[in-house]
2 protein chains.
Amino acid sequence: MTADVSLAPGDPGSGAEGTRWLDAGEQQAWRAWLYSAQLLLDRLDRELTHATGISHAYYEILVALSETEGRMMRMSELADRCLSSRSRLSHAVSRLEERGWVRRQVCPDDGRGQLAVLTDDGFAALEAAAPVHVASVRTHLFDQLSPEQVAAMRDLGETLLRHLGPR
Amino acid sequence: MTADVSLAPGDPGSGAEGTRWLDAGEQQAWRAWLYSAQLLLDRLDRELTHATGISHAYYEILVALSETEGRMMRMSELADRCLSSRSRLSHAVSRLEERGWVRRQVCPDDGRGQLAVLTDDGFAALEAAAPVHVASVRTHLFDQLSPEQVAAMRDLGETLLRHLGPR
DNA sequence: GCGGAATAGATGAGTCTTCAACTACGCTCG
DNA sequence: CGAGCGTAGTTGAAGACTCATCTATTCCGC
């Protein structure tokens, strides 16, 4: 009777036939996953932002840069690692540049390319933020789960990643 | 050597002592979860938006309204169900009002309150969108998982929800 | 029933994301 | 070489989210 995600099969008015609606169990699994994912991402982002002034999106950029030789990376590679669009990354790097945490540098191998380079200030900001972030992840994720659940989480994530592609 | 999420213990320059960094297994579990969650949410939102013009955030509002008696709900209750801030919901409902899918109505019991009411056009839009969304969820989630993984997903979600609270 | 605190919601400025151009460079092939 | 095409990245406008602030109403205690 409701136009739910799970509009019951034969729900009056649901014109589209051939849709395999979610059964009650799938519905509950999906809802639980969705809500917990949204709440967890939101919580981690908020705690990090309020404690350090660095959003999770920016944090990921800094982390990715810090992990490379020379603390620099091509813009598009950085975008891929951060699951970000090129445009978004470009805007974000501009903001990080204003903070003095990253600078741009023309790529030697390819005149079209730009390298994003993590500055010392940027590295310092990351070092200050990392403990806060790890503490949040522990508190809200690992401390809540048994080792079996952690294993299941990893398995689930890797399974979905194979489909959604690192691409 | 890198200022990773998992700055190794004793990493030179990582001044903050007392942080329990993530070990390699935790790191992989966390990364797999994070990436898969981001990719999945992004994919579902994109497919829904491109096929129907309704973002996942708007879709959730419409679904919540459609599930109630009279297809109406107090703004704050709606915000809670959609894991949305009040401000965000208020802005979103304004947009949905412009589309003619929702209207506002003063709450009879409480002069401060507003009821968001799903219109017939809104319900029709939801009915058109629901099959698209369910198909995406099937394709990118349930079709990728064994029954055991679905059960694990539900368990994980519910465990985290107990901590993150429906509150 | 009145004054103050609390609640419901709206609003505007600032920030972030998206999308569709747009610039600039490299690559290929005639 | 140089025309055309593909790739790298930037930009600006429009939509969406956050935060602080503001108004209106209710609730509470006297």
Select one nucleotide: of [options], the one nearest the side-chain heavy atoms of [X].
X      : options                : answer
A:Y58  : D:dT10, D:dC19, C:dC16 : C:dC16
B:Q114 : C:dA10, D:dC19, C:dC19 : C:dA10
A:R46  : C:dG9, D:dT18, D:dA8   : D:dT18

Which whole-number value in Å describes the distance from [X] [atom1] to [N] [atom2]?
X     : N      : atom1 : atom2 : answer
A:I61 : C:dT17 : CD1   : C1'   : 12 Å
A:I54 : C:dC16 : CD1   : P     : 12 Å
A:Y59 : C:dC16 : OH    : C1'   : 20 Å
B:D45 : C:dC16 : CG    : C1'   : 15 Å
B:L78 : C:dA10 : CG    : P     : 11 Å
A:D42 : C:dC16 : CG    : P     : 16 Å
A:H50 : D:dT18 : NE2   : P     : 10 Å
A:E60 : C:dC16 : CD    : P     : 15 Å

> Which heavy atom in B:R138 sits nearest to a heavy atom in A:R20, and how many Å separate them?
Replying inline: NE-O, 2.9 Å
>> So which atom in B:A116 and which in B:L65 form the shortest heavy-atom distance, rounded to 0.1 Å?
In response: O-CD2, 3.4 Å
> Could you give all pairs that pass the salt bridge (Lys or Arg N to Asp or Glu O under 4.0 Å) test and reach residues 105-115 of chain B, with sequence neighbours left out?
Replying inline: B:R74-B:D110, B:D110-B:R112
> When you match A:E77 and A:T49 each to their closest nucleotide on DNA chain D, which lands nearer the 5' end?
Replying inline: A:E77
> For A:A125, which residues count as a side-chain contact (heavy atoms from CB on, under 4.5 Å) partner, sequence neighbours excluded?
Replying inline: A:I54, A:W101
> How are the rings of A:H133 and A:H56 set to each other: parallel, tilted or perpendicular (split at 30° and 60°)?
Replying inline: tilted
>> Less than 4.0 angstrom from a charged side-chain N to a carboxylate O is my criterion; do A:R81 and A:E60 meet it?
In response: no
> Which parts of residues 86-93 of chain B get close to DNA chain C, meaning a heavy atom less than 4.0 angstrom away?
Replying inline: B:R86, B:S87, B:S90, B:H91
> Testing B:L78, B:D80, B:V117, B:L115 for side chain to side chain contact (heavy atoms under 4.5 Å, CB included) with B:M73, which one passes?
Replying inline: B:L78
Using nucleotides 22-28 of chain C, report all nitrogen or oxygen pairs with the protein that are shorter than 3.5 Å.
from, atom 1, to, atom 2, distance (Å)
C:dG26, OP1, A:G111, N, 3.1

>> Counting the atoms with a prime plus P, OP1 and OP2 as sugar-phosphate, which does B:S85 contact under 4.0 Å by heavy atoms, base, sugar-phosphate, or nothing?
In response: sugar-phosphate
> Considering residues at least two apart in sequence or located in another chain, which fulfil the side-chain hydrogen bond (donor to acceptor under 3.5 Å, both in side chains) criterion with A:Q38?
Replying inline: none
Using a 3.5 Å cut-off and no angle test, enumerate the donor-acceptor pairs between side-chain atoms of residues 85-94 of chain B and protein atoms at least two apart in sequence or in another chain.
from, atom 1, to, atom 2, distance (Å)
B:S85, OG, B:R88, N, 3.0
B:S94, OG, B:S90, O, 3.0
B:S94, OG, B:R104, NH2, 2.5

